**Student:** 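Shown below is the structure under consideration.
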Amino acid sequence: MNYSIEHKKPIEITSDCLVAAVFEGPSLSPTAQAIDSASDGAVSRLLESGDLEGKKGQIMLQHHVSGVSSKRVMLVGCGQQDKFDTEAFRAMAARVAVHINKTAATSAVFALSELEVNGRDNNWKLRHLTEALEAGHYQFDVMKSEPSKTRRLLADVIYPITDSDDKDAAGQAVAQGKAIAAGTRLAKDLGNLPGNVCTPTYLAEEAVKLAKEFGMKSTVLEEKDMEELGMGALLSVSRGSRQPAKLIVVEYAGGKKDDAPYVLVGKGLTFDAGGISIKPAANMDEMKYDMCGGASVLGALRALGELKLPINVVGVVPSSENLPDGDANKPGDIVTSMSGQTIEILNTDAEGRLILCDALTYSERFKPKTVIDIATLTGACVIALGEHASGLLGNDDALAQDLLAAGEYAVDRVWQLPLWEQYQRQLDSNFADMANVGGRPAGTITAACFLSRYTKSLKWAHLDIAGTAWLSGKAKGATGRPVGLLTQYLIDRASEAA
Ligand code: BES
Ligand code: MN
Ligand code: ZN
C-alpha cells in the first residue's frame, strides 16, 4: 500500500472514501463534525433517524455527501468516548481495515488519529492504524489449489494531520508500522506453512533469502558443524528426524563495527510430535507452529532491514523436528551440551530447551549487549497467561523493564514471572548435571531455570510465546507475535544510541 500524509482538512482531500468516527451519546469526532457542517447536517439526520448510534462495531457508508471531496463517507461507531482506550482504538482500526476492503474503494482518507486515546500520541495512532490496515490484507492461501478471488483491496492510504503535528515524525511512525507489518507477515507465513513444507532446510533457505534481500550476512551450520561444536543437546532432538537440523545465523550490521550486537535466539522446531514421549493426537497439527519463535526472529530482522536501524543485531535460529523413531532420543538418555553440562532427558517432549541451550551457548561468541530468546516453550504458559501476554523471565532487570515497556507501546505485551533460585531444585537429576524437566508445578519457570544455566555470562531474557504465537479454533492461524515487541525493543535501543 502507498501512504501519504497531508496537512489538509480531511473533507477537502479527494479519495474514494473518507473514514471518520462517531461516538455514542452521540458525539461527533472533529471530522464527523466537519462533514456534518459541510453537508448541511447529513450526519445529524442519520443520527436522528436512529440508524446511526455510534455503537462499537457499527459502520455506515454514505455516497456523494455534499461538501466532501471523497466519493464516500464511512462513519465508524466507536462506543463511549470516555472508554475509548488503546484496546478500543485497535479494535476499531481492525474493523475499519476489514470493512474498507469490502467496499470498492481503493483509496481512502483515514481521519482517525484525531481521536483522543489516553496516553497515546498522533504517532502511536498512525503506527497502529498502519499495522491494522496492512493486517487487513493478510491472507494465507498459498496452499489452496485455487488462488482466492482478487479483491478490490485498498491501495492508497491518506492520513490527514493537523498543523501542530510533525510531518516527519508522522512519516516515521508510518514507516515503522509498515516495517512491523512486513515482519509480522513473514512470521505469519512461515508459521502457517505446514510441517512438510516448512522444514529446517526450508527455514534456512528463507533466512538466506531474507539476508540477501537486505544485505545481511547469513550462515547455516549443518549437523556435522554442530557435532564439531559439541552441540549434543540440539543434535539429540534431531536424531529421530529424517530432516537434517540447521542452526541458522543472520547478522544485521547497521551500527558501528565494534558495537556489541543484540542477539535474538528463536526456537525453530518445525514440527513437535513430542518424540518418544509422544503427544496426544488432538490438535497435534498445531505443533507446526513450534517454530514461531524462530519465525519472529526472522520477522524482526526483516523489519530491521526495512528501517535500517543504526545498531547491530544477530538472529540465531536452532531448527529441527521432534519425532519418534528407532533412532530417536529416549527418556533416560543423558546428553552433553555444548557448554559441557550434562542433561538427563526425562521427557523427550521438553525438546525446546535442548535446542535452545546449545544455541544460547553458541551466542556467547557474539559478545552480545543482550540476548533474548523467543520460544513456544511450555503448555504451562498457555494455562498461566492465555493468548494475551507472552511470558517474560530473565536475569537482568533493566532488560526486563525495556521489554515490558516495548510490549506496552507495541501492544504486544509480556508479563514477568519470577526466576527465583528455589525453583532450580526441581531440575535436580540423580545421574546428570540436570534433568530436562522439573515436574508439573511452575512449568514455565522451570523451563526458564533450565535456560538460565546457559546464560550466566549474558544479560538475558526469555519470552515464552506458547500462548501468543498462534490462535486456535475457527481463527486458527499464526499471529506474527512477538515481531512487534522485538522490533519496538530494537527501535528503542537505536534511539537510545542516537
Ligand atoms: N512446543 C511445546 C510447548 C507447547 C505445548 C506450546 C502446547 C504450545 C502449546 C514444548 O516442546 C513442549 O512439549 N513442552 C512440554 C514440556 C513438558 C514435557 C515439561 C509441555 O509444555 O507439555
Ligand atoms: Mn515438545
Ligand atoms: Zn516444542
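One-based numbering, in listed order, for ligands and for the atoms of each. Keep in mind the model is a prediction, meaning the values are calculated, not measured.
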**Student:** What residue and atom, counting heavy atoms only, is the protein's closest point to atom 9 (C) of ligand 1, and at what distance?
**Tutor:** Met287 CE, 3.6 Å
**Student:** Which protein heavy atom lies closest to atom 14 (N) of ligand 1, and at what distance to 0.1 Å?
**Tutor:**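 Nearest neighbour among protein heavy atoms for atom 14 (N) of ligand 1, to 0.1 Å: Leu377 O, 3.4 Å.
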**Student:** Below 3.5 Å, N or O to N or O, backbone or side chain included: is there any such pair between Lys279 and ligand 1?
**Tutor:** yes
**Student:** Does Phe450 approach ligand 1 within less than 4.0 angstrom via side chain, backbone, both or neither, non-hydrogen atoms only?
**Tutor:**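 Near ligand 1, Phe450 shows nothing, with every heavy atom at 4.0 Å or more.
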**Student:** Determine, considering heavy atoms only, which of Ile355, Leu269, Asp272 sits nearest to atom 2 (C) of ligand 1.
**Tutor:**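 The nearest heavy atom belongs to Asp272.
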**Student:** Are there over 12 heavy-atom neighbours, none belonging to Glu213, within less than 6.0 Å of that residue's CD?
**Tutor:** yes
**Student:** Measure Asn322 to ligand 1 on non-hydrogen atoms and call it side chain, backbone, both or neither using the 4.0 Å cut-off.
**Tutor:**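 Asn322 to ligand 1: no contact under 4.0 Å from either part.
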**Student:** Select the closest option to atom 21 (O) of ligand 1 among Ala375, Gly379, Gly439, judged by heavy-atom distance.
**Tutor:**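 Minimum heavy-atom distance to atom 21 (O) of ligand 1 goes to Gly379.
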**Student:** Do Glu251 and Asn312 have side-chain heavy atoms sitting under 4.5 Å apart?
**Tutor:** no
**Student:** Does the N or O separation between Asn347 and ligand 1 drop below 3.5 Å for any pair?
**Tutor:**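 N/O-N/O distance below 3.5 Å does not exist for this pair.
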**Student:** Give a rough value, rounded to 10 degrees, for the angle at the Zn ion (ligand 3) between atoms OD2 of Asp290 and OD2 of Asp272.
**Tutor:** 90°
**Student:** Looking at Asp325 and Arg239, does any basic side-chain N land under 4.0 Å from a carboxylate oxygen?
**Tutor:** no
**Student:** Report, in ascending order of atom number, the atoms of ligand 1 lying under 4.0 Å from any heavy atom of Val437.
**Tutor:** 19 (C)
**Student:** Which ligand 1 atoms are under 4.0 Å away from a heavy-atom of Ala466?
**Tutor:**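 Near Ala466, the atoms of ligand 1 are 6 (C), 8 (C).
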**Student:** Quick one about Asp492 and Tyr409 (side-chain donor to acceptor, distance below 3.5 Å, no hydrogens or angles considered), yes or no?
**Tutor:** no
**Student:** Can you name the N, O or S atom of Asp272 that is closest to the Mn ion (ligand 2)?
**Tutor:** OD2
**Student:** Are any of the side-chain heavy atoms of Val117 and Phe84 separated by less than 4.5 Å?
**Tutor:**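 They are in side-chain contact.
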**Student:** Between Glu205 and Lys209, does a salt bridge (Lys or Arg N to Asp or Glu O under 4.0 Å) hold up when you go through it step by step?
**Tutor:** CA-CA 6 Å; Glu205 284 166 0; Lys209 250 198 250 169; over 6 Å; no
**Student:** As an exercise, identify every atom of ligand 1 less than 4.0 angstrom from a heavy atom of Thr376.
**Tutor:**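 Matching atoms, with element in brackets: 1 (N), 2 (C), 3 (C).
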**Student:** Examine Thr378 against ligand 1 and note whether any of their N/O atoms are separated by less than 3.5 Å.
**Tutor:**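 No, Thr378 has no N/O under 3.5 Å of an N/O on ligand 1.
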**Student:** Going by atom types alone, do Arg127 and Gln488 pair a side-chain donor with an acceptor below 3.5 Å?
**Tutor:** yes
**Student:** Below 4.5 Å, heavy atoms only, C-beta onward: do Tyr262 and Lys459 meet side chain to side chain?
**Tutor:**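 In short, these two side chains do not touch, never coming nearer than 4.5 Å.
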**Student:** What is the nearest protein non-hydrogen atom to atom 15 (C) of ligand 1, stated with its residue, atom name and distance?
**Tutor:**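 Its nearest protein heavy-atom neighbour is Asp349 O, 4.0 Å.
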**Student:** Judging by distance only, is a nitrogen or oxygen of Glu351 under 3.5 angstrom from one on ligand 1?
**Tutor:**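 Indeed, backbone or side chain, Glu351 has an N or O that close.
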**Student:** In degrees, rounded to 10 degrees, what angle do Glu351 atom OE2 and Lys267 atom NZ make at the Zn ion (ligand 3)?
**Tutor:** 90°
**Student:** Does Arg95 CZ have over 12 foreign heavy atoms under 6.0 Å away?
**Tutor:** yes
**Student:** Would you mind checking if Lys288 and Asp272 are paired as a salt bridge, meaning a charged N to carboxylate O distance below 4.0 Å?
**Tutor:** no
**Student:** Hey, what's the angle at the Mn ion (ligand 2) spanning OD1 (Asp349) and OE1 (Glu351), nearest 10 degrees?
**Tutor:** 120°
**Student:** Check contact between Phe271 and ligand 1, using heavy atoms of the residue and a distance below 4.0 angstrom.
**Tutor:** no
**Student:** I need the contact type for Lys267 against ligand 1. Using non-hydrogen atoms and a strict under-4.0 Å cut-off, is it side chain, backbone, both or neither?
**Tutor:** side chain
**Student:** Counting neighbours of CG on Asp141 that are heavy atoms of other residues, nucleotides or ligands and sit closer than 6.0 Å, is the number greater than 12?
**Tutor:** yes
**Student:** Identify, for atom 8 (C) of ligand 1, the protein heavy atom at the shortest distance, and state residue, atom and that distance.
**Tutor:** Trp470 CH2, 3.4 Å
**Student:** List the atom of Arg481, the atom of Ser296, and the distance in Å for their closest heavy-atom pair.
**Tutor:**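 In terms of heavy atoms, the two residues are closest at O-CB, 4.2 Å.
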**Student:** Give the residue, atom name and distance (to 0.1 Å) of the protein heavy atom nearest atom 16 (C) of ligand 1.
**Tutor:** Arg353 NH2, 3.9 Å
**Student:** Is the count of non-hydrogen atoms from other residues, nucleotides or ligands lying under 6.0 Å from Asp327 atom CG greater than 12?
**Tutor:** yes
